[in-house]
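Just below is one structure, and these are the notes that go with it.
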Amino acid sequence: MFLVTEIIALSLFAMSFDLIYGFTGMLSLGHATFFGTGSYIFTLSILHWQSNLWVSLLLAIIGSAIIAWVIGFFAVRARGTNFIVITIIFSLVIFYLSFYYKSITGGDDGLPLKVPDLGLGFLSISIHDNPMANYYLVLAIVSLCYLFYWRLIASPMGRLFLAIKSNEERTQYIGFNTLKYRLISFVISGAFSGLSGALYSMTTHYTNNKLLHWTTSVDVVVWTIVGGAGTLIGPIMGAWIFTFFREFISFHFKQYPIVIGMVLIFFIIFVPQGILGYLLGLIRRERK
Amino acid sequence: MDSILNLQEIHTFYGKSHILHGITLAVHENEIVCLLGRNGVGKTTTLKSIMGLTPANRGNIFFQGRDITRIQDYLIPRLGIGYVPQGRHIFPDLTVRENLKIGIVGNKVQVKTYEEIFSYFPILRERLNQLGGTLSGGEQQMLALARALVPNPTLILLDEPTEGLMPRMAKLVVEIIQKINRTGVSILWVEQKLVTVTEVSHRIHLISKGRVEYQGTPGELIQNREIQLRYIGVKV
Amino acid sequence: MEKKKKRISRRRFLKAMGTGAALLSAEPFVRPLGGFWAQERSPIIIGHQCDYTGFLAGWGYWMDMAAKYAIKLINDAGGIAGRKVEYVMEDTASDPATGTRKLRSLIQRLNADFVIGCIHAGPATGSLPVAKELKTVYFMQSSSDEVITKFGSRYTFMGGGVELSKINYGVPWAVKNLGKKFTFCAYDMAWGYTHVNGSTPIIEKMGGKVLDKIFIPLGTKDFYPYLGKIPPETEVLYGVFSGPPALGFLTQTYEIGLHKKMKRYVDVGVMEGFNTEKIGGVAEDCWYMTFFPRRLKFKDTEHVRNLRKALNVDEEGVEIGGPQVLCGSRYWAAYENVFWIKRAIEKSGWKSKKDNAAFIEALEGMCVKEGLEFIQGDKCMRAKDHFILHDLWMGHIENNKMEEKTKFSFKEEPFPPAVDYTKEKV
Amino acid sequence: MGIEVHLFMNMMNGLVWGLIIALIALGLVLIFGLIKILNISHGEFYMLGAIFGWYLIQYTQNFWLALVLSPLLVAAIGLFIEWGILRPTEDKPIKTLIVTLGISLILQYTVYWFYGGSPQRIVEPFQYHLTLFGSGYSGYRIFVAILSMAVIALLGLFLQKTRIGLWIRAVKQDQEMAIAVGIPTKKVIMITFALGSFLAALGGILAAPIFSVDFLMGLEILPTAFMVVIIGGPGNLMGALGASILIAELEGISSVFVSPTISRVLSLVLMSIVLLKRPEGIFSRARR
C-alpha cells in the first residue's frame, strides 16, 4: 500500500519533469532539488511550526517554486548541455548546503516526522496511522495535478511550450519571449516536483538529503524516457513499472542492479520510443 | 564513351520520408554532368547516396563498373571519388595543411603533390599554417576543392560550389573546375542556377521530387523554356 | 476542423478520467496481493533490513550470513517454541529512503514478526518511528546512539555494539595512556557526533583538552584541506570514519607524517572491512576500540569457530577464496539478535504480535551468559534505554596486524541511560 | 602550521588533484567531442582501472606492470562497450545517457560480485616523504603530478602529430565530412572511446594509493569530471585541463579560509556564473 502511494507521489514528480523535458525540451539533471526541497519544507514546517497539513503542502509548493524561479532564472538562459550542467551544479550546491546545515536538515541521517491530521473543516482525519486515508489524499492531489497538467498542455501556453521545444528560434521570431515561457515551464515543474516531494514525505514519514542527490534526478529521467517522453501517461507508467520491477527483482537476485542496467539498455535499443510509444504503435498497427 | 558512374533506380529514405524516387543517371569519362533542380528535390541527397552518407535503400550505384551501393561508407572516397559538399565543410580547427593531408588515406594511393595543388590554388600556399576556419569564403571553397583533389580522384562530386561567393570569385572557381576536368577528372555538379553551368557542363539532368525528369545538353535546355519554367522556375 | 478538435479533446478527457479511475481501483487489487503473501502464520518470520548493496555492502554481506546461520542453528534444533523460523531479507541499497520503504515491505508485505535493522544510520532514523507505528520490535544495528535515544521507542532495541560504551571505556583509557590534547576528525553524520559529543565531556573531566573538532562531509576523497587544520600540538588525533574514506584518512594522515607527531586513536569503523596487512602500513600504530576482535586468536571459543566457519573466513578474518574482510566488530550482533528474539519468545510465551508487550517486557533487563547463543560474551539488555551492555576490546595495530591489547568487561552502569522507555505504553 | 604553509599545501594538492581529474576529464572530453554523449559510465572506467590494478598487483606484486596493463584492459572493455552497446544509440544523445547509466550499473555490480563491497588499498610503489616548509608531503603525489603531466603532454602530441590524432580531430569537427574524405569514422570513435577509457583507468590506478579502491568510487568522481568538461568548454581539451586545475585550486585555496563545504559551494556558484557569461566555456576562443 505504501509502495503504491509512494509511486503515485513519484508519478507526479515524473509528470512534472516531463513538462520541462518532454514538452518544453529542457533536460534537467537537477530536478531532485525541487523534489527534495518540497520534502524538506514540508517536514520542517511540520516539525518546527506544527503547521497544518494544508499549509505545509502549500508552503512546499511555494518554496520549491521560489527555488525553481531562482535556479530557473539563470538556467533557462543556457541551452543544451550547458542547461543540463547548470541544473546539476545548482543541485550539487543545494545538496552540499544540506550537508553543511545539518542541524536543520538532519544531513545524511534525515528527519522522521509525524504527519499532522488532515483538517477538512468539520472533520479531521488522521493521515499518519491511516495508510488508506493517506492513499486517497495523495491520489486525489495527484489526480488534480494531472488534470491541471492536462489542461495546461491543451492550453495556448502548452502549445507554446511544444513550439519552443521543436524550434525555439522560430517561436522567438513570431514574437514570443521564449525565455519567459521556458522559465514559467521550469517554475511550474519545480513547484509540482516540490509538491510530489512533500507527498512522498507524507507517505514515508521521513525525509533525507538523499532526495536532493543527483542520482534521484537520474531516476526521474529514466522513468520518463523509458515510459515515453512528451506524454503525461508515459512518465507515470515508467515510474510504476520501474519501481515495481526494482522491488520485485531486488527480492530475487542479490546483484539486481546488473539486471536493471541490462533492462535499461534493452529498452533504449529495442523500444526507443518508450513503453507508451511502443504500445500506441502496436495499437496503430492493429487498426491498420 | 565509358560511363564512370552509373546510378540505377536509386531510392533513398531520410528517416521515414522518401526522398529519392528512383534516380537514374550516368557520368561518362571526362564529362561534366550537371544536376539541376529547385531546393529540396533531392540533389544533395543524390550526392550523399553516392558517398554512402545516406545509403540508398533500393537500386544500384556502379563506379567504374563496380557496385558500390553497399560497401562501407568510408571506403567510397578511397576508390577515387572526391566530394565537395554544399557549404564547403572544411575542418575549421585544422590548419590548411592538415585539411589537405586528411584526404590521404592508405599508402598505395597516388597523391597529388602540393606543387600540383598550388598550381590550381596559389593562394593556399600562403595559408598553409592557418586554421581552416579563419579563411574567407572563397579560400575555403578552394580548400574544399583542393582537399578533394589531393588523393587524385577520377570523379569529383560538387554541391553548389559557387554558392555564396562574390561573382569574381565564383568565376574563378568555375574556371578551376574546368581546368581540373581537362586533366581527365569527371565531374558531377549539383546546381540550382542554370546560368552557372550552361557554359561548362556537357550534359544537364533536371530533377524534381526525387526523379530525373529531363536530360539533355545545355543547348537543348536553353531552347526549352517550358521545361525550364516547370523544373527550375528560372526567368532567363 | 473545429468539431474534430473538440471531439479529440473530449476523448482525451475521457482517457484522463479513465486513468484516474484505474488508479483509484488499483487499491483493491493490491490488497489481496498482500494477503497472498500472508499465508498461514505458522513460522516465526524474522526480517532483516540489510545494507546489501550500496556503499555499506561490505558490511551487509556479513550481517546477512551471520543472521542466516543463527536461524539455521535454531531450525536444526527444532525452531523456537516448536515453530520454525523463516528469514526474509530486504536490501536498503545503503539508501535512507529505500531502506525505510524496505522496513515497511518487510513488515507489511513479508509479515516479519521481528526485524533486525541496518547499519546505516540514515535508514535507521527513518525506520525507528516506522517500527513503532507498525508495532514491530526492531533491533537497530547502527551505532549512532543519538538516533535511538532521539527517535526510538519501546519497540526499538539497540541490537549491536553501543558506541557510548566504546567511548566510556575507551576515552578514559586514551586520556590516561595516549595524551591529553585531542583533536577530532569525524564524519559529518550522527555517528560522528555521537563520538565527539560523547567524548568531549569525558576528556575535559579528566583534565584533557579538545583542541579542535573537524567534521568532514560524506563523499570527501581528499582529506588534505582538512588535515591541514589539525593543530600541530595535538597529542591524540581521534578519527571517526568508515568505509573507503576511512582508508583515505589513514593513508593521508600517514602521507603527511601525522602518525609520527601524534597518536592516532580511531573508531573501529576505520579498521572495519579492509585488511590491515595489505594497505602498506598506513594504519601502523593506530589505537582503536572494537566490539569484537576480527582475529580468531583473541576470542577462540568453539562457537566463534563454528560461526566463522559458516561465514567462510580464515583465522585472520579474511574470506577464504574471496576478497571480503570480516567486519569483526559487528557481524556477531546479527547472529545474537536472533537469539535475543528466541530467548524473549521462550520467556514470554509470545505467540503473535499481540503478545509484543510481553515480549518486550521479557527482553527488558534480560541478562545472558556467553555460550552458543551469545558468542561475544556475557551481556545485559538494559531496561530503560534498551542498550546492550557488553564487553569491549582495545586494539593496536602492530606490524600491520590488529592486536587486541586490553579487554574491558562490561560493568553495570558504564553511563547513565538517556531515556526511559519502560514507562512508554506498548 | 602557519597559514602560508597551509595555503601552500593546499595549492600543491590542488595541482595534484586537478591533474588526476584532468586525466579523467580529458577522456570524457574526447568522447564528448566526438559523439556528443554524456557518458555516465565514464566514472566506472576510472573505477575499473583501480580494480584491475588491485587484482594485477595481488597476482604480480608489481605496481608498474599493473599501471600499464590495467588501463590497457580497461581500454579493451571500452572498445567493446562502444562497439557492442553504444553504437546503435549514438545519434540520440539523451538516450545514450540512459544506456551509459545502464552500463554503469552493470559494471558496478559485476565488480561488486567478484571484488566485494570492502574497500581495498593499493600500496604506493615507493614511500618517500618530502618535507616542505616543515610539513610532510607525499613523494608519491608529486610523482602522480609529474606522470599525469607527461601523459597529458603525450596525449597532446598524439593528437597533433599522428594520423589517428588528426583523424580524431577531424571527426570531432565534422563527422559526415570525415567519412567523405575516407576516414573510417566508426573505428576512430571506437579508438577514441578506448583512449578515453584508458585515461580514466590510468587516473583510477594512479589515484588508488592516495584514496582507496572500491566499487562505487566512480560515482563520486563523475560530477566533478562533468563540471570540468563543461566549464572548460565541451570538446575543448586545453579548456578541460585548465578547468580541472582551476577547480581544484579554487577549492583548495578557499578552504584555507572557509569551511571546505562552503568553499565547494562557492566554487560551484562561481562556475555557474562563468558558465552563463561564457556558454562556450572559459577557455574557448570566441570564434566567428
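Side chains included, hydrogens not; waters and symmetry mates left out as well; all remaining heavy atoms used. Order of the sequence lines sets the chain letters (A, B, ...), proteins ahead of strands, with each chain counted from 1.
Pairs passing the side chain to side chain donor-acceptor pair (under 3.5 Å) check and including a residue from residues 104-114 of chain D, sequence neighbours excluded, read D:Glu44-D:Ser104, D:Glu44-D:Gln108. A side chain to side chain donor-acceptor pair (under 3.5 Å) check over residues 57-66 of chain D, counting only residues at least two apart or in different chains, returns the pairs C:Lys278-D:Gln58.
Looking at D:Ile210, the atoms closer than 4.5 Å to chain C (heavy atoms on both sides) sit in the backbone and in the side chain alike. With a threshold of 4.5 angstrom between heavy atoms, D:Phe114 approaches chain C through N, CA, C or O but not through any side-chain atom. C:Phe223 does not touch chain D: none of its heavy atoms, backbone or side chain, sits under 4.5 Å away.
Salt-bridge formation is not detected for the pair C:Lys263/C:Glu235: no Lys NZ or Arg NE/NH1/NH2 atom is positioned less than 4.0 Å from an Asp or Glu carboxylate oxygen.
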Apply side-chain hydrogen bond (donor to acceptor under 3.5 Å, both in side chains) to residues C:His396 and C:Asp285 and explain how you reach the verdict. CA-CA 6 Å; C:His396 186 221; C:Asp285 199 27; 2.7 Å; yes
